[in-house]
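Lettering of chains follows the sequences in order, A, B, ..., and the numbering in each one begins at 1.
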Amino acid sequence: MKYDFKAIEKKWQDKWEAENAFVASDDYSKPKFYSLVEFPYPSGSGMHVGHIKAYSGLEVVSRKRRMQGYNVLYPIGFDAFGLPTENYAIKTGMHPRVVTDKNIARFTEQLKKVGFSFDWTKVVDTTDENYYKWTQWIFLKMFENGLVFRDKTLVNYCPSCKVVLSNEDSQGGECDICHSAIVQKSKDVWYLRITEYADKLLDGLKEVDYLPNIKMQQENWIGRSTGAFVNFQVKGADEKLRIYTTRPDTLFGVTFMVIAPEHPLIEKYRDRLTNIDALDAYKDECAKKTEFERTQLVKDKTGVKLEGLTAINPASGKEIPIYISDYVMMGYGTGAIMAVPAHDQRDWDFAKKFGIDIVEVIKGGDISKEAYTGDGEMVNSDFLNGYTNKKDSISRMIEELQARGIGEMGVQYKMKDWAFNRQRYWGEPIPIVHCPSCGMVAVPYEELPLRLPNVENFEPGEGGESPLAKIDSFVNCSCPKCGGAAKRETDTMPQWAGSSWYFLRYIDPHNDEAFASQEKLKYWMPVDWYNGGMEHVTRHLIYSRFWYKFLYDLGLVPYAEPYAKRTAQGMILGANGVKMSKSLGNVVDPLDVVNEYGADTLRTYVLFMGDYGSAAPWSESSVKGCKRFLERVADLPSIAKGSGVTEKLESAFHKTIKKVSEDIEQLKFNTAIAAMMGLLNEIDAVGSITKDELMTFISLLCPFAPHLCEEIYEAEGGKGLLSLATWPTWDEAKTIDSTIEIAVQISGKLKGTVVIPADASREDMIAAAKQNSKIAAQLEGKTIIKEIAVPGKLVNIVAK
RNA sequence: GCGGAUGUGGCGAAAUUGGCAGACGCGCUGGAUUUAGGUUCCAGUGAGUGAUCGUGCAGGUUCAAGUCCUGUCAUCCGCACCA
């Protein structure tokens, strides 16, 4: 058969669409399979080969499931709010709506050209008002339930994008979008109280099937630690200085305290501090630094002692000094620490520099050289002396603290509340009204969606004000509560909002009454398999689990966790082994590959190039190799005239069916394809196959190269669509060969092989090995010490 | 610094419970077809003339180690003064 991939691919893509081949049905009697991939941000530069790899994995699984009789939901959509579109719109003068529509149309066309079996009737667009209506609706539910609050704090601000960023978006001290340096700025910020769900997010990980490193990253991100809060009496004042520690048992070793430069104690006791000028100066210096500089740079400890205020160590009763230093953060714990220089390296460094006492309370190290952080016997600690187990000494101390009313057990998280607003136009408007008499008032549900006003000018205001603030007709409104004149909130939601619940909307995308019907949610949830990039496992994946768990607590979704299983694909690197980038000129456009080699080749190659979860460089010649494979498959019908089944090929078929079926389930597409290539080599060596065997072959290959396989199937008289035909099954008995070749070793070294019946006993195996002339010759004159036979594998004769 | 992962031919990579290292593909070499290039097909392809040696390096356990243990080096990723 001539492999005219262009004609074939167009033909079958049209046919699948015309016949609604991949539309998930509402037939609840069938077993369901919901496979989810991260929907793309429709950027102006079009699709990247990375998208193809990301979607090809579950594409193969989904296609296999359909052939196995499942009702499959494999949806796609567009996460289209966000800065790149807005920046592009500002640059070109086009409206973001127009830009977005154009980009979505382009992505859609590209995705269809690759032949993905998405259910195109359920496309979701986060910027569609019928979608963001429900994003706002969920936000209001959170507002109603006390999970939304506003606070004035120092925030990460990107001077270039003129936007406030979450900690997650400003990692490493630079803006996630434009990579400019982040500065700290005081702002009114909307927060979602995600910390309230910290324990639930952590505990929920126990019941889901995520890759171990994904779980670990989430655990690190949430960063739960247990310890104790202890209140230190400030001397001569009716004031307690509260600290958090994970090692309350080292309390007897506390020789000073450190508070963050922004700690309120300073303001409160300004009058009593005799060196307030020095303290203010230090504080100013710190304020100038970004959090990045404060935390990232390895440097000497700095700080200033509070003159005029001291604290009392509640264990030893001794008076101890208090310092301010930037190594203590206001944002973690209570912004104050008890310093135990003998057993904490940071405290040790600080104590050495400022000449503070170092008191050993755990034996085992040399505290004159460095802090000792290991375990050991407690000393200098009164009632704790003699304890050697960390757990016991900690719980004993907590008992004591509670008995004396100066402290209690406590839990802290690294995760902070989620800064949930941006001063930008292209996002979901936050549906809140500020009323001079009623305060913050929710926009009534029946008024949703609160639409983005259609305006010409959407450039950000000076000083980081939202573009919406300039639109009087949007801002001025009446209070939903009292009817008086009020002003709308002008900030919009961050880009992560829309993606936090999109997988629920796919289930019922055109519903006007609810974000999705309960009946459908019950059938389709949870997502059976979610695949995406490693870069999203701490942000999007945590945010969306949070939203989902919130909805679960309201009884609006049926299961406690949204995703039963989560995997991740590896990146595709440029041919030179580094990340693809425009500036390096190593970007591969998937459409070029489709045009030159065909979609089937592209799909096969991205899955064949290596382990699905690992990064791998692009190789054009390997693409050609995959094309060659498909061309040879296209020629298979010419030798499918065989009438008799050969035993050898039959066994090879059963082995391949098994291998491909099992490998797909483990995302081992590279070895699945290799197995089919190997089978093809065997077929060519034999020179003929039966028509049934041909049909089996193209059924196995169909999820990878569906256009070509459909074409062959039709040409051979197959009924209906191959994509909806039956997945082949294997007979375990036929995967086992009757005779096998085993290795023969002498003293662990390979010396030859013998062919024996597969069910030979150990004795027969050894006998057969000894009969082999080469082996016999080598054993000549040697004493046999030991004989080992492993059925199906080898014989090892230990001889001297 | 802490946590995690990885290290196998010229290249991408395979390799149940320890059991013939290098499947499959690329590349390369030789041959056939072709006016030629390309394509396609056939044969070969870890190193070494050889006995043998070979999975980052050094040890160890074992009849047997890519796989298990100890140490070490390198690379990548995540977190990062988290009290």
Side-chain angles (χ1 to χ4, degrees), chain A residues 171-172 212-221 223-225 227-228 243-248 250 257-258 260 292 294-299 301 325-329 331-340 343-347 349-350 412-416 534-535 537-538 570-571 573 575 577 604-605 608-611 613-626 628-629 631-632 635 659 662 668 670-681 684 741-753 785-799:
Chain A
Q171 288 176 59
N213 54 336
I214 295 177
K215 277 193 190 185
M216 195 196 64
Q217 280 198 30
Q218 292 213 351
E219 280 163 12
N220 281 344
W221 193 262
R224 184 188 149 105
S225 86
I243 60 95
Y244 174 74
T245 177
T246 53
R247 291 304 300 269
T250 60
M257 301 187 76
V258 185
F292 176 70
R294 264 180 77 170
T295 59
Q296 198 80 2
L297 301 175
V298 184
K299 56 176 168 48
K301 291 280 178 288
S325 174
D326 61 3
Y327 82 90
V328 173
M329 310 288 144
Y332 184 80
T334 61
I337 63 158
M338 61 177 221
V340 186
H343 306 292
D344 182 294
Q345 193 57 44
R346 294 155 301 170
D347 297 347
D349 293 342
F350 194 89
Q412 281 294 304
Y413 303 93
K414 285 187 206 172
M415 184 169 70
K416 292 173 187 170
M534 276 309 287
E535 68 275 18
V537 306
T538 49
M571 246 194 307
L573 306 172
T604 305
Y605 172 65
F608 181 64
M609 60 195 302
D611 172 49
S614 311
W618 186 265
S619 158
E620 174 119 12
S621 42
S622 289
V623 175
K624 286 180 189 162
C626 290
R628 270 201 280 272
F629 167 60
E631 279 167 346
R632 288 173 63 200
D635 280 335
K659 176 88 180 141
E662 290 177 350
K668 291 169 77 172
N670 52 338
T671 50
I673 294 165
M676 289 186 278
M677 288 172 167
L679 178 59
L680 182 60
N681 290 344
D684 279 352
E741 191 186 54
I742 60 158
V744 181
Q745 297 179 333
I746 294 176
S747 300
K749 305 271 184 203
L750 180 69
K751 296 294 178 188
T753 59
I785 297 166
K786 200 171 179 180
E787 293 169 332
I788 294 142
V790 182
K793 298 285 184 188
L794 54 55
V795 168
N796 187 9
I797 299 166
V798 186

Which residue lies toward the 5' end of RNA chain B, A:Met216 or A:Met338, if each is placed at its nearest nucleotide? A:Met216

Using the rule given for side chain to side chain contact (heavy atoms under 4.5 Å, CB included), can you reason through A:Ile243 versus A:Met257, listing the C-alpha separation, both sets of side-chain angles and the distance that settles it, and then say yes or no? CA-CA 9 Å; A:Ile243 60 95; A:Met257 301 187 76; 3.5 Å; yes

5'-most by nearest nucleotide on RNA chain B - A:Gln217 or A:Lys414: A:Gln217

Anti or syn, where syn is a glycosidic angle within 90° of 0; which label fits B:G9? syn

Strictly by Watson-Crick or wobble contacts shorter than 3.5 Å, is anything paired with B:C24, and which nucleotide is it? B:G12

Whether the side chain of A:Lys301 and the base of B:C81 hold a donor-acceptor pair under 3.5 Å is what I'd like checked. yes

Between atom CD of A:Gln217 and atom CG of A:Asn220, what is the distance when rounded to the nearest 0.5 Å? 7.5 Å

Applying a 4.0 Å non-hydrogen cut-off, can you work out what A:Glu787 is touching in the nucleic acid: base, sugar-phosphate, or nothing? nothing

Applying a 4.0 Å non-hydrogen cut-off, can you work out what A:Lys215 is touching in the nucleic acid: base, sugar-phosphate, or nothing? nothing

Mind checking if A:Gly223 touches a base, just sugar-phosphate, or nothing, with heavy atoms under 4.0 Å? nothing

What interatomic distance, in whole Å, is found between P of B:C28 and the corresponding atom of B:G10? 16 Å

Using purine N1 to pyrimidine N3 plus N6-O4 or O6-N4 for Watson-Crick, or N1-O2 and O6-N3 for G-U wobble, both under 3.5 Å, which nucleotide pairs with B:G19? B:C63

Would you mind telling me which of A:Glu787, A:Lys786, A:Gln745 makes a side chain to side chain contact (heavy atoms under 4.5 Å, CB included) with A:Val798? A:Lys786

To the nearest Å, give me how far apart CE (A:Met677) and P (B:C26) are. 7 Å

In whole angstroms, the gap separating P of B:U39 from CZ of A:Phe629 amounts to 19 Å

Could you state the atom-to-atom distance from OH of A:Tyr605 to P of B:C26 in whole Å? 12 Å

Which of the following nucleotides, B:A83, B:C26, B:G12, is nearest to the side chain of A:Thr245? B:A83

Provide the distance between the two P atoms, one in B:G48 and one in B:A43, to the nearest whole Å. 24 Å

For B:G25, does either OP1 or OP2 sit under 4.0 Å from a side-chain N or O belonging to A:Asn681? yes

Any non-hydrogen side-chain atom of A:Val623 less than 4.5 Å from a side-chain atom of A:Met609? no

Scanning both residues in full, the closest heavy-atom pair of A:Ala260 with A:Val328 reads CB-O, 3.4 Å

When you measure from the side chain of A:Val328, which nucleotide among B:A83, B:G19, B:G12 comes out closest? B:A83

Can you tell me how far C1' in B:C57 sits from the matching atom in B:U49, rounded to whole Å? 30 Å

Could you tell me whether the phosphate oxygens of B:A14, OP1 or OP2, come under 4.0 Å of any side-chain nitrogen or oxygen in A:Asn670? yes

For atom CG of A:Leu679 and atom P of B:A23, their distance in whole Å: 17 Å

N/O (side chain, A:Tyr332) to phosphate O (OP1/OP2, B:A83) under 4.0 Å: yes

Paired to B:G54 by Watson-Crick or G-U wobble criteria (both distances under 3.5 Å) is none

Sugar-phosphate, base or nothing in reach of A:Ala336, heavy atoms under 4.0 Å: nothing

pair_partner(B:G38), Watson-Crick or wobble, both distances < 3.5 Å, evaluates to none

Below 4.0 Å: OP1/OP2 of B:A51 and any side-chain N or O of A:Lys749: no

Expressed as a whole number of angstroms, how long is the span from A:Tyr327:OH to B:A80:P? 19 Å

Taking any heavy-atom pair under 4.0 Å as a contact, classify A:Asp611: base, sugar-phosphate, or nothing. sugar-phosphate

Could you report the tightest heavy-atom contact between A:Gln412 and A:Tyr332, atom names first, then the distance? CB-OH, 3.5 Å

What is the distance, rounded to the nearest whole Å, between atom NZ of A:Lys793 and atom P of B:C20? 6 Å

B:C2 to B:U8 separation - C1' atoms, rounded to the nearest Å: 30 Å

Should A:Lys668 be listed as having a side-chain N or O under 4.0 Å from OP1 or OP2 of B:A15? yes

Sort out the partner of B:A5 for me: Watson-Crick or G-U wobble, both distances under 3.5 Å, none otherwise. B:U75

Across all strands shown, which nucleotide pairs with B:A43 by Watson-Crick or G-U wobble geometry, both distances under 3.5 Å? B:U29

If you compare every side-chain N and O of A:Arg628 against the phosphate oxygens of B:G27 (OP1, OP2), does one of them come in below 4.0 Å? yes

Protein-nucleic acid N or O pairs under 3.5 Å, nucleotides 63-65 of chain B:
| residue | atom | partner | partner atom | Å |
| --- | --- | --- | --- | --- |
| B:C63 | O2' | A:Asn796 | ND2 | 3.3 |
| B:C63 | O2 | A:Asn796 | ND2 | 2.5 |

